[in-house]
Protein chains: 2
Amino acid sequence: MASARQISGPCQAWPEDSAFIREVLDRIGDKWTMLIISTLSAGSLRYSDVQASIPGISQRMLTQTLKHLERDGLITRTAYAEVPPRVEYELTDLGRSLMDAVTAMAEWAATHHGEIASNRAASALTGVGRGKAPVSAPAG
Amino acid sequence: MASARQISGPCQAWPEDSAFIREVLDRIGDKWTMLIISTLSAGSLRYSDVQASIPGISQRMLTQTLKHLERDGLITRTAYAEVPPRVEYELTDLGRSLMDAVTAMAEWAATHHGEIASNRAASALTGVGRGKAPVSAPAG
DNA sequence: CGGAATCCGCCTGGATACTG
DNA sequence: CAGTATCCAGGCGGATTCCG
């Protein structure tokens with residue numbers, strides 16, 4: 001990655017894709033969507049397998065998120081009319097393409113989460129981010 | 001992007017970075033964080049400029065999100081002890097590195113949001129994602 | 001097994017008013 | 001200008017119950 005934005009001239013902000021950021025965040029920013037997609041990246045899985053792979057998820061949220069993902073074409077749902085009902089969910093190409101972008105996010109997190117934790121711990125000591133900044137005028 | 005995961009052997013799921021996904025999503029998945037970071041990518045900005053750049057944000061959310069970002073070391077806060085108070089916010093290197101990953105997300109959104117909208121519209125007609133699937137046994 | 005429907009707590013975040 | 005503090009609504013999501 002690291003070379004994604006310098007097309008089209010100077011390094012000015014990109015005001016018009018704020019909407020895109022919000023759009024994608026509204027879609028994947030919820031509590032379970034990315035976990036499900038990441039789980040499904042292993043291949044086709046049935047409902048109960050997805051549920052077992054994501055400890056703590058409720059049936060309500062699993063079903064709801066699955067439906068949203070299906071509706072948006074990120075996963076496919078295949079119901080088998082068998083005596084023990086079976087339903088399999090699988091990532092579409094679109095869903096897999098999303099995985100790439102999210103993988104970048106996860107790798108960023110893996111790389112920097114220690115750094116963030118340190119910063120946060122340091123801030124707790126110095127009081128940064130919680131009122132009363134030193135107020136030393138740096139450029140007077 | 002599109003070439004991020006095939007290192008380290010076969011295409012098996014990566015179960016242990018579920019935590020990382022959640023961690024990064026908890027941090028940037030909220031309503032305003034990414035918008036602020038994206039706004040600050042243009043350079044140093046003062047409080048009111050950030051607010052003006054993000055229509056709809058309340059002072060409460062702006063201040064709160066700014067503090068969180070500062071606490072995590074993603075942005076720096078510089079207060080000038082002038083008569084008209086001035087405070088400037090700027091992305092740190094860490095914050096800028098996050099921009100890369102998020103840019104990938106935004107580009108994904110820009111590329112596929114039309115596709116998603118189509119899928120969603122089609123689903124509304126076929127009833128997919130909202131009860132009563134055809135239940136045609138594909139492999140039974 | 002794979003859901004659907006209902007109830008409800010909690011937390012995010014908007015509106016407003018006040019301060020330094 | 002740059003916040004802080006309080007109040008409050010909406011919805012996200014957990015727990016439970018019932019259905020095909």
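From a predicted model like this one, the values you see are computed outputs, not experimental measurements. The sequence lines fix the lettering, A, B, ..., with proteins before strands; numbering per chain opens at 1.
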Would you say Thr103(A) and Asp100(A) are linked by a side-chain donor-acceptor pair, where the criterion is simply a distance under 3.5 Å?
no
Mind calculating the distance between CG (Leu66(B)) and P (dT4(D)) to the nearest angstrom?
10 Å
If we only count heavy atoms from C-beta on, is the Asp72(A) to Asn119(B) side-chain gap below 4.5 Å?
no
What is the separation between atom CZ on Arg86(A) and atom C1' on dG20(D), rounded to the nearest whole Å?
18 Å
Starting at CG of Leu62(A) and ending at P of dG3(C), how long is that distance when rounded to a whole Å?
8 Å
Does the side chain of Arg46(B) get closer than 4.0 angstrom to OP1 or OP2 of dG3(D) through an N or O atom?
no
Under 3.5 Å, is there a donor on one side chain and an acceptor on the other for Tyr89(A) and Thr78(A)?
no
CZ of Arg96(A) to OG of Ser41(A), rounded to nearest 0.5 Å, is 9.5 Å
Identify, with sequence neighbours excluded, every residue that meets salt bridge (Lys or Arg N to Asp or Glu O under 4.0 Å) alongside Arg60(A).
none
Write down the distance between OH (Tyr80(B)) and P (dG3(D)), rounded to a whole number of angstrom.
13 Å
Could you tell me, to 10°, how much the axis swings from one end of the helix from dC1(C)-dG20(D) to dG20(C)-dC1(D) to the other, five pairs per end?
40°
What is the distance, rounded to the nearest whole Å, between atom CZ of Arg77(B) and atom C1' of dA2(D)?
8 Å
For the pair made of CG in Leu25(B) and P in dC12(D), what is the distance, rounded to whole Å?
15 Å
Output the rounded distance in Å from NZ (Lys67(A)) to C1' (dA5(C)).
11 Å
Could you run through nucleotides 6-20 of chain C and give me one letter per nucleotide, 5' to 3': B if any protein heavy atom sits under 4.0 Å from the base, S if only the sugar-phosphate is that close, - if neither?
B------BBBB---B
Phosphate contact (dG3(D) OP1 or OP2) by Tyr89(B) side-chain N/O below 4.0 Å:
yes
Rounded to the nearest 0.5 Å, the NZ atom of Lys31(B) sits from the CD1 atom of Ile54(B) at a distance of 12.0 Å
Under a 3.5 Å distance rule, please check whether Thr92(B) uses its side chain to pair with a backbone N or O of Gly73(B) as donor and acceptor.
yes
Beyond-backbone contact of Gln59(A) with Gln51(A), side-chain heavy atoms, under 4.5 angstrom:
yes
Judged by atom type as modelled, is there a donor-acceptor pair below 3.5 Å linking the side chain of Arg77(A) to the main-chain atoms of Glu88(A)?
no
Phosphate OP1/OP2 of dG3(D) contacted by Thr63(B) side-chain N/O (<4.0 Å):
no
What is the distance from CD of Glu88(A) to C1' of dG2(C), rounded to the nearest Å?
13 Å
